[in-house]
Every structure is written in structure tokens, then in C-alpha cells.
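Note sheet for the following structure.
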Protein chains: 2
Amino acid sequence: MISSDASHPINGAPRGLSILGATGSIGTQTLDIVRLFPDRLRVHALTAHANADLLVAQALEFRPNCVVLGDETARKTVEEALAGTGIRVLMGSEGLCEASTLPEVDTVVAAVVGFAGLEPVLAAIRAGKRIALANKETLVVAGALVNQLLHTHNATLIPVDSEHSAIFQCLVGETAHSVRRLILTASGGPFRTRPKEDFARITLAEALQHPNWSMGAKITVDSATMMNKGLEVIEARWLFDLGADQIDVLVHPQSIIHSMVEFTDGSTKAQLGVPDMKVPIQYALSYPQRWPAPHERIDWTTLRALDFEMPDVEKFPSLQLAYAVLRKGGTAPAVLNAANEQAVALFLNEQLRFVEIPRMIEAALDALPVTEATYDALVQADAAARRLVLEHARAVVH
Amino acid sequence: MISSDASHPINGAPRGLSILGATGSIGTQTLDIVRLFPDRLRVHALTAHANADLLVAQALEFRPNCVVLGDETARKTVEEALAGTGIRVLMGSEGLCEASTLPEVDTVVAAVVGFAGLEPVLAAIRAGKRIALANKETLVVAGALVNQLLHTHNATLIPVDSEHSAIFQCLVGETAHSVRRLILTASGGPFRTRPKEDFARITLAEALQHPNWSMGAKITVDSATMMNKGLEVIEARWLFDLGADQIDVLVHPQSIIHSMVEFTDGSTKAQLGVPDMKVPIQYALSYPQRWPAPHERIDWTTLRALDFEMPDVEKFPSLQLAYAVLRKGGTAPAVLNAANEQAVALFLNEQLRFVEIPRMIEAALDALPVTEATYDALVQADAAARRLVLEHARAVVH
């Protein structure tokens, strides 16, 4: 039943990559994979928001066609550092969209954090690219739109998130309509065992201590509120075309089982591994093949148990908010996402307390109307939600 | 990445089944699956060794083309009971081979226990059938021969054993050469926590108490000695065409993870379920599809942990014997299998103690020469090993 090795999409030539968000956690780990497979992967574009020094260092090592910078203030530094290399320096969202659609690019690694990551992904889809998707907002905010475009332009979305990669891996070779439900595992974050009464005293430093995964600050806080899992439920709904009632969350503190699929015949499949994003990143680049790599493996001689518990929705209301917006549909997920981004930004800036994050989101969802999810409506909902959270936050803090 | 529903092999007509060993544990559960899917499965042949009453009842319910009986003494009873039904009554290994090769049969469920199950499987392979394999000995004794015949006759072998079914399910859709190793899980049997010093006092009744699975007596004893797992290691070597050093055993007392595959890229996939043979039996019949069925599912709201430990090779020497015969090759696995069958038969008859089972096997392996595994050599090795165990057992007991 093992299919013969699928031939390489471009006849043995390296797969051309554009890495959006190259200086972030996913971007730098993607470049680690490129270093492991220099004959199979070739970088044509690298983009960064403002980390000019790292972007320049990456450009000098990987020699892409172009780099893209989000922050205008660093432009000169980058242009001077790359002068004479032939590497073009592009700017802003226009540059991002060019990087996503270069003809020599086969796969776009979409690892820009937040709503800003949506537009270049839509451009890549329209160009029929394969997209290795690490940006949650693309599907959370615009899942219906994205699925429609994927279908029209025959583009492929491969998840990079460890949970969705796990489900994707469990589904290869399975026939349609064989899924009963998905079980997204969650570490439970740093506050899994903290009593609810103590949540009001949670500090920023505590929220940034994830027990298993090393990730960016925003995602680490999302993991502490469990909004991360809520966003993943929404993503899974679109990635795998299932109803919200077919997606469950199970707390598994060791993060060894990355997620599971329960099939209609009673069988369940799980994908497992040590918490290391390099494995799902590599899989998104090698799929449908697997490439031998020295990533750390599970050591079953020392691993004695995998533990499970149901999520505590009293302590983590964000999870229920995510299910609620899936039921509401339209622009509701965009409001949830934007309100969360804004609230987490304020928390990271120590302008909001931890417990206020879900309250801000709930208030925004209550205040803003749900409309049809056109691109313009999504942009407006995003902006309105952010404004509302800023207003509410000012009222709370001062 | 989900493939579209594979069309039914015979254009929507039910899949034609021949069930070899219909009155045993696997056979009766296979008929339970047929009862669930009367439109998709049709029984054309049923075979039994000596359980005439049950065979007759099954024949009257499922109306096959023929039944096959192993034991001549029950012939008359069956012929009389089925007189006027049009159901033919065939006898012995000739009858088994006819049942395996009927033109209307698409899938042969091979659930005859022991060496006797080999010949009809070889006949089914030569007839190009799909074989749902529950008989361990086919691959343990004649793995090389079977693989060569499968290739020549374009037949398909689908494992029914929960462990091998798990691996098979983890491998669908994966490309060749992507497997680093298989991890066969083992419950550890009823004596996992019993101290080695107490093994000499193990009784037959204790050995027949399996903690998780309800199976036939022979397999239950094999599970208690862990020879069951040793035989599965040998089967896995042939089913998945891997080296003995790529197959490991991990004790997992709950039997929820049925086995795992570790891939070359560091990812691991597992198949899970409550211990219920109906799920792998059904999968072998529905593959590559899955059919919705009301089999019991894992209840994650009550399951709190999955535990693991390394097997204790001091307490369970049978496991090491299995790896040893894989390295020896030729007729060595046939000797191991026959010596084990004979020793377990004596133990079930209370003519041998539990701890003597592996000693008998080791003595047979030491005494008998390893030759090339032709069919005739396998038959001779089988007979010689049984004789030797009977001789040794007489020496021990009296």
C-alpha cells in the first residue's frame, strides 16, 4: 500500500522557496531545513518586518533573487549592505506580494505573524503556488475566501502548525468522508495546573514561559490563554472542511501526540514527535515524500507515560469564544482574531492584565455586527475590533 | 491530500468472501462485520476444523456456495444438516484450497490457526486474491516464499492482526523508503508485573487470563510468553519488507496504541483504538475505504494516561528467540513456530510447565539444522520440530 516515490514536481531541480517572515521563529527554522537539503531547496525570496541585520545575513548566505522589508526606516541599511550583490530590495505589502508570486517560486512559506500575512497568501494562491502555511490568520479570518480561491486556482495549502501537520499526515492516503472527528491536542500552556483564583495575578514573564514549545511571544501568550488552540480549531475547520462539532480539543501536557484523527470505522490515527517545529516545516516542504533528517526522535526508553485531560473552559474562556465565532460565521472570526491580536499586544506592553484578554475579545464580539466575509468587510472588521479593544483598554487601565 | 473514494473493486457489487476458520475468534467476528454490511459483503465459503454445529448455523444464516470441514468425524452431521440447501460440503486441505480459489471470491479471510493455514493461503495467492491475513504462520514460516508468490501473482496481503493493521494504516499514502523503524506495541500479557522468580509456578488458568484481548487459547498463551510478539516481529519483517533491526517492541499495558511507524524525517505515526479485533478485520475488508460502523471508540474523557516500558527479555526469552531465527533465516523460523505450537499444545494439555515452553523451542533450534526454505523443507522442519518437542517433553515430565 506504500505508493512509489512521487516524482519531484520540477524534475529533480531544487524546489524554489519564498520565505515570508524569514527572521521569525518559523522563518529561521525553515532556513535550517534549507541548510540540511541544499540540493533539494533553493531560496528565491526572503522577507522581514524590521530585523534588517538578520535579513541581510540571511540574504548574504542564501543569495535570493530579492528581499522584502516591512519597515521603511531600515531600508537604507539593507540596500547598502546588499549593494553589488544583485539582490533586489523590495518594500511593504507590494514587495510581499511580488515575493509570493515569483515564477521561479514553487512553494511559499507563509510565516508572517498576524493579519498582515493574509494578503501575500491570497496572492500566492492566485498564482497557483504551493503554500506551506504557518500564518494562522489566513484561515482564521478568511477561511471561506481562501478555500474558494484554492479551488479556483488549483493551489495547495500544506499546514506547518504542528497540530494541523499531524492531522494532514494522518490523512494522507485516506479516502474522503472517512473522518469522524479531529482531536487537536493542547499542552494546556503554563497555567494548566494554576488555580482559577490565581489567574488575576498572572504576570507577563509567567505567560511567556511555555512548558514545551519555543515560539514567538504573541503565540506563546496565545498558548497561555489557550486562544492558540481556539484559532487552531477555526483553522482546522477550513483546512479539513469539517464542522465545528467534528473538532475537539484534548489537553496532553507532554506535547508528544501532536494531534489525532478519529475515523468513521472506530480507528484513530495520531502523529507524534518531540516538540520541534523543524519536523512539520520539513514535511510541508518534502510532501508527499519524507526526507531523512537528524531531527530529535522520541526516546521510548525514557518516555514512560502520555497524559491526557479535558480542557478547563472556566479557566480558558478563549476556547469557547473560538467555537462561538465558528457558529456565527461571517466576519466574527476576523473580529475575534483582531481583538485578540490587539489585546495580546497590550498585554505584551504591560498595558493589560492576562485575565482581561478574553474579556476584551468577548466585548468586541458583543459590540460589532456580523456581516458577510468579503475581503473589504474583513479588513474593516479587523480595524474596528482593534479600535474597540484600544478604547476598552484605556477605560480599564486608567 | 485525501484521495477521492476509490471505486469498489467489483463495481458496486458486494465483495465476495471466503472465510477460512469461520468458527474461531476471528471468523465469528468477521461474520459480525458481514452482518453490519450485508450490501457490501457476501460470503461464498465458510470453513471449520471440527465445530460442526456452529459451522452449520453459520451456513444456514449466510448461505455460502460451500462449507469445508477439517475433521472427518463430523462430516455426516454437517451433510445431513445442510441437505437440500444446495450448499456443498467439502473436506480437508483440498476443500480449503478450493474455498480459497472460488472465482466469485474476491477476498480470502485467512483465520485458520497454525501451520495448517499456510497451504490455502498459498493457493489464494496463486489465484491472485486479496488475502485478509489473520494466520501468523503464513508469514512466520514462509515469508520469503509468500512475498515471491505475491509479486508473481499480483495478489494483495492485508494484515488483520491489530499490530500489523496499525502499521498498515500508518503507511497508507506514505512513499517507499520513508520508514526508519516499526514499533510493535505489546500489552506485556498477564505476567508483565510478575517477578521472574515466580514464573516457575505459573498455572494454565493464569496464562489464559489476558488483560486486554479476548482471543483463542493458543494465541493467549503466546501472548503470556510474549512469543506472540516475537511471531509478529517476524511477520512484520515480511509484510513491510524491513530488516529485523528496523522492528522494535515496546510494552504498552493498555493496548490503546496498536503500533507505530517512525519515519526517516523524525515523525512518528500511531494507530489507536480500544482493543477490539472487529476494527482491523473490517479495515482489511473495506481497504482502501473506511466504512462507518458502531465499534466502541476511545473515550478520552476517562482515559488519563498511556503507559510504556521496555520489554523484559529475561522474563520473556521467546522475544529474543524470534529475533535470532530472523537472523538465521531459512527453515529456522519454521522450527521456532512448530516447536512453539507443539509446546503450547502440551502446556494447554497440562503436560508442560509455562517456563518450559521457551526452553523447548530453544532446544529444537539448537538441535535442527537450518536449510533453505523451500515448501518441502518447511514441511519437514515443521514435523521435525514437533517430534523433538514431544520427545523432550516426555523426558521432562516423566
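Convention: sequence-line order gives letters A, B, ...; per-chain numbering from 1. This structure is a prediction, so every number in the text was calculated from the model and none was measured.
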Value rounded to 0.5 Å, distance of [atom1] in [X] from [atom2] in [Y]:
{"X": "B:Q169", "Y": "A:E174", "atom1": "CD", "atom2": "CD", "answer": "7.0 Å"}
{"X": "A:D307", "Y": "B:D307", "atom1": "CG", "atom2": "CG", "answer": "8.0 Å"}
{"X": "B:T175", "Y": "A:Y287", "atom1": "OG1", "atom2": "OH", "answer": "10.5 Å"}

For the residue pair [X] and [Y], what are the closest heavy atoms and their distance?
{"X": "A:A270", "Y": "B:L272", "result": "CB-CD1, 3.6 Å"}
{"X": "A:D265", "Y": "B:W291", "result": "CB-O, 3.3 Å"}
{"X": "A:C170", "Y": "B:K269", "result": "CA-CE, 4.3 Å"}
{"X": "A:R297", "Y": "B:T264", "result": "NH2-O, 3.4 Å"}
{"X": "A:V279", "Y": "B:G266", "result": "CG1-C, 4.4 Å"}

Top contributor to chain A contacts, counting heavy-atom pairs under 4.5 Å, from [options]:
{"options": "B:T301, B:I257, B:V261, B:I298", "answer": "B:T301"}
{"options": "B:M310, B:R304, B:M260", "answer": "B:R304"}
{"options": "B:G273, B:S267, B:A293, B:A305", "answer": "B:S267"}
{"options": "B:P294, B:S286, B:P292", "answer": "B:P292"}
{"options": "B:I158, B:I256, B:T268", "answer": "B:T268"}

remark   = Of A:E262, A:H295, A:Q282, the largest count of non-hydrogen pairs under 4.5 angstrom with chain B goes to A:E262
query = At a heavy-atom separation under 4.5 Å, does B:Q271 approach chain A through its side chain, its backbone, both, or neither?
reply =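 For B:Q271, heavy atoms of backbone and side chain both lie under 4.5 Å from chain A.
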Residues forming a salt bridge (Lys or Arg N to Asp or Glu O under 4.0 Å) with A:R35, sequence neighbours excluded = A:D32, A:E61
query = Using non-hydrogen atoms only, which part of A:L306 is less than 4.5 Å away from chain B: side chain, backbone, both, or neither?
reply =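 It is both, since atoms from each part get that close.
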